[in-house]
2 protein chains.
Amino acid sequence: MKSDNDRLALYEARARIIKAMAHPSRLIIIDELAKEERCVCELTEIIGADTSTVSKHLSVLRNAGIVLDEKRGNQVYYRLRVSCILDFFGCVESVMQAVARDQMRLVR
Amino acid sequence: MKSDNDRLALYEARARIIKAMAHPSRLIIIDELAKEERCVCELTEIIGADTSTVSKHLSVLRNAGIVLDEKRGNQVYYRLRVSCILDFFGCVESVMQAVARDQMRLVR
DNA sequence: CCTGTATTTGGCAATATAGCCAAGTAGCCA
DNA sequence: TGGCTACTTGGCTATATTGCCAAATACAGG
């Protein structure tokens, strides 16, 4: 039988992973990595922030276990650890659509 | 053609929804509401925090469009707006398993 | 070895989040 | 009306996050 503490620990572990995704720049990174692996400089270009900022975003994703990094020569390449991450977006989108639909109903 | 601004706005909207889920107590709430609707006092009991704290968590979920509320008599009942929210957990779990697997490999 | 490029880390200021208590609002029932 | 229960909101403090600059580290090539 699981104790309350076990249950809390499980939800805390889940929250850590979800929190790691809860930032626009990190969602862009995830979307890019879903297409193919990228080095930090490419992601920096795409996001348009300071390299150090992007590097820190990547470390958040890495610490959460969402991405893997591999140093090749001068560069560090990142890729998704599991690809199902993208399934998130489908559901997020349907929340957004449901909200939009309900607001539409109010206006009419 | 979408501008960079449009793209950013989309990812910001997604991030708002995901961020609303990024807290252990709110994940517990989502899990409970997936079973059946609940009033604030029931959720407060389950979570074991101050009523005002739970109420604020619920307002975060409501503002994100994840839950709907309905006042019936003295109580306010909350329910999920879309049920696919639960799909998140499957993927989160597989991240956790992949991490565990890799750590296992290091130890061996 | 020296230089330039790629990346990470430390440090800091601005901002956001979390949780509690206290106070306010709303509906029920006597 | 008065009191009770359910819930939300305001206000506060503690803590976490974000993003920049500057400095440190790692590596490739001459």
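In the text below, chain A, chain B and the rest are named by the order of the sequence lines, each starting its count at 1.
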Provide, to the nearest angstrom, the distance between the CD1 atom belonging to I47(A) and the C1' atom belonging to dT18(D). 13 Å
Please classify the nucleic acid contact of Y77(B) as base, sugar-phosphate, or nothing, using heavy-atom distances under 4.0 Å. nothing
Rounded to whole angstroms, how far apart are CD on E70(B) and P on dA6(D)? 18 Å
Would you tabulate the nitrogen or oxygen pairs shorter than 3.5 Å linking the protein to nucleotides 21-23 of chain D?
from    : atom 1 : to     : atom 2 : distance (Å)
dC21(D) : OP2    : D50(A) : OD2    : 3.4
dC21(D) : N4     : S52(A) : OG     : 2.9

Let me know the distance between CG of N63(B) and C1' of dT9(D), rounded to the nearest Å. 13 Å
Below 30° counts as parallel, above 60° as perpendicular, anything between as tilted: where do the rings of F89(B) and Y11(A) land? perpendicular
Looking at side-chain heavy atoms only, is the closest gap between Q97(B) and V82(A) below 4.5 Å? no
Value for NZ (K56(B)) from OG1 (T51(B)), rounded to nearest 0.5 Å, stands at 12.0 Å
Within less than 4.0 Å of OP1 or OP2 of dT8(C), is there a side-chain N or O belonging to Y78(A)? yes
Rounded to the nearest 0.5 Å, what separates atom OG in S83(B) from atom CG in L33(B)? 12.0 Å
Which of these passes side-chain hydrogen bond (donor to acceptor under 3.5 Å, both in side chains) with Y78(B): E32(B), E37(B), R62(B), E70(B)? R62(B)
Within-4.5 Å side-chain heavy-atom neighbours: I47(A) and H57(A): no
Give the rounded distance in Å between these two atoms: CD1 of I18(A) and P of dT17(C). 17 Å
Expressed as a whole number of angstroms, how long is the span from H23(B):NE2 to dT17(C):P? 12 Å
For I18(A), the option from H23(B), M21(B), R26(B) that meets side chain to side chain contact (heavy atoms under 4.5 Å, CB included): M21(B)
Using atom CG of L43(B) as one end and atom P of dA6(D) as the other, report the distance to the nearest whole Å. 14 Å
With a 3.5 Å distance limit and no angle check, can you tell me whether N63(B) reaches the backbone of S59(B) through a side-chain donor-acceptor pair? yes
Distance in angstrom units between I29(A) CD1 and dT18(D) C1', rounded: 13 Å
More than 12 foreign heavy atoms under 6.0 Å from CD of E45(A): is that the case here? no
Using whole Å, what does the distance between atom P of nucleotide dA6(C) and atom CD of E42(A) come to? 11 Å
For the side chain of K71(B), starting at C-beta, report the closest nucleotide among dT8(C), dA26(C), dT18(D). dA26(C)
Dump every N/O contact between nucleotides 13-16 of chain C and the protein below 3.5 Å, one line per pair.
none

Let's go through C91(A) and I85(B) carefully: what are the C-alpha distance in whole Å and the side-chain angles of both, what is the deciding distance for side-chain contact (heavy atoms from CB on, under 4.5 Å) to 0.1 Å, and is it a yes or a no? CA-CA 6 Å; C91(A) 183; I85(B) 291 288; 4.0 Å; yes
Are any non-hydrogen side-chain atoms of R72(B) and Q75(B) less than 4.5 angstrom apart? no
Pairs under 3.5 angstrom, nitrogen or oxygen only, protein versus nucleotides 28-30 of chain C, please.
none

Any idea which of dT8(D), dC20(D), dT8(C) is nearest the T51(B) side chain? dT8(D)
Return the nearest nucleotide to the side chain of Q75(A); candidates are dC7(D), dG27(C), dT7(C). dT7(C)
Hydrophobic cluster membership, with links at side-chain heavy-atom distances under 4.5 Å among I/L/V/M/F/W/Y: are Y77(A) and V54(A) in one? no
Where each residue is assigned the nucleotide of DNA chain C containing its nearest heavy atom, which of H57(B) and C41(A) is assigned the position nearer the 5′ end? C41(A)
